[in-house]
Visitor: 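Got a structure for you, questions after.
FYI, the numbering just counts along the sequence from 1.
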Amino acid sequence: AANAFARTARADAESRRALDLAERKLAESREAEVLLRRRADEQSSLWERRRKGLDQRERELVEREEQVRADERRAAARTKAAASQKDEARREAANAEGVAARAAAAAAAVED
């Protein structure tokens, strides 16, 4: 009976050690899981910040493109206005030349 009791006590002690070891491994596993979740959350947060940064840069590029198009439209309008003014100046110069030629002809006619 003492021998059976000793075997039972050893088996009980071994099973407690195995249980303690299993509990430690479970605790380590849970800690590792928590760390992995934290790292995943940090990585997700990092990717989210990067995505937002890219979205912001994309919005800035779109705004710049719109600004360039607006500048091009204004430049085209200025060029068109300048060409129109140039044409008007040519017409006025031609009219002035015509008036001067008629005035010269009239003056020549008066002298005769």
Visitor: Hey, are the side chains of V68 and E65 touching, using non-hydrogen atoms and a 4.5 Å cut-off?
Guide: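 V68 vs E65: side chains apart.
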Visitor: According to side-chain hydrogen bond (donor to acceptor under 3.5 Å, both in side chains), who are the partners of Q67, at least two apart in sequence or on a separate chain?
Guide: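 Scan of Q67 (side-chain hydrogen bond (donor to acceptor under 3.5 Å, both in side chains), adjacent residues dropped) gives D71.
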Visitor: Only counting residues at least two apart or in another chain, list the ones meeting side-chain hydrogen bond (donor to acceptor under 3.5 Å, both in side chains) with E72.
Guide: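 By the side-chain hydrogen bond (donor to acceptor under 3.5 Å, both in side chains) rule, E72 matches no residue at all.
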Visitor: Check side-chain hydrogen bond (donor to acceptor under 3.5 Å, both in side chains) between R50 and all other residues, then give those that pass, not counting sequence neighbours.
Guide: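 If we apply the side-chain hydrogen bond (donor to acceptor under 3.5 Å, both in side chains) test to R50, skipping adjacent residues, there are no hits.
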Visitor: Pair up each side-chain donor or acceptor in residues 14-41 with any protein partner under 3.5 Å, not counting sequence neighbours, and list the distances.
Guide:
unit_1: R16; atom_1: NH2; unit_2: D12; atom_2: OD2; d: 2.9
unit_1: E33; atom_1: OE2; unit_2: R37; atom_2: NH2; d: 2.6

Visitor: List the atom pairs, with distances to 0.1 Å, where a side-chain N or O of residues 80-97 and a protein N or O form a donor-acceptor pair under 3.5 Å, not counting sequence neighbours.
Guide:
unit_1: E88; atom_1: OE1; unit_2: R91; atom_2: NH2; d: 2.8
unit_1: N95; atom_1: ND2; unit_2: R91; atom_2: O; d: 3.4

Visitor: Taking only residues two or more places apart in sequence, or in another chain, which ones meet Q56 in a side-chain contact (heavy atoms from CB on, under 4.5 Å)?
Guide: R59, E60
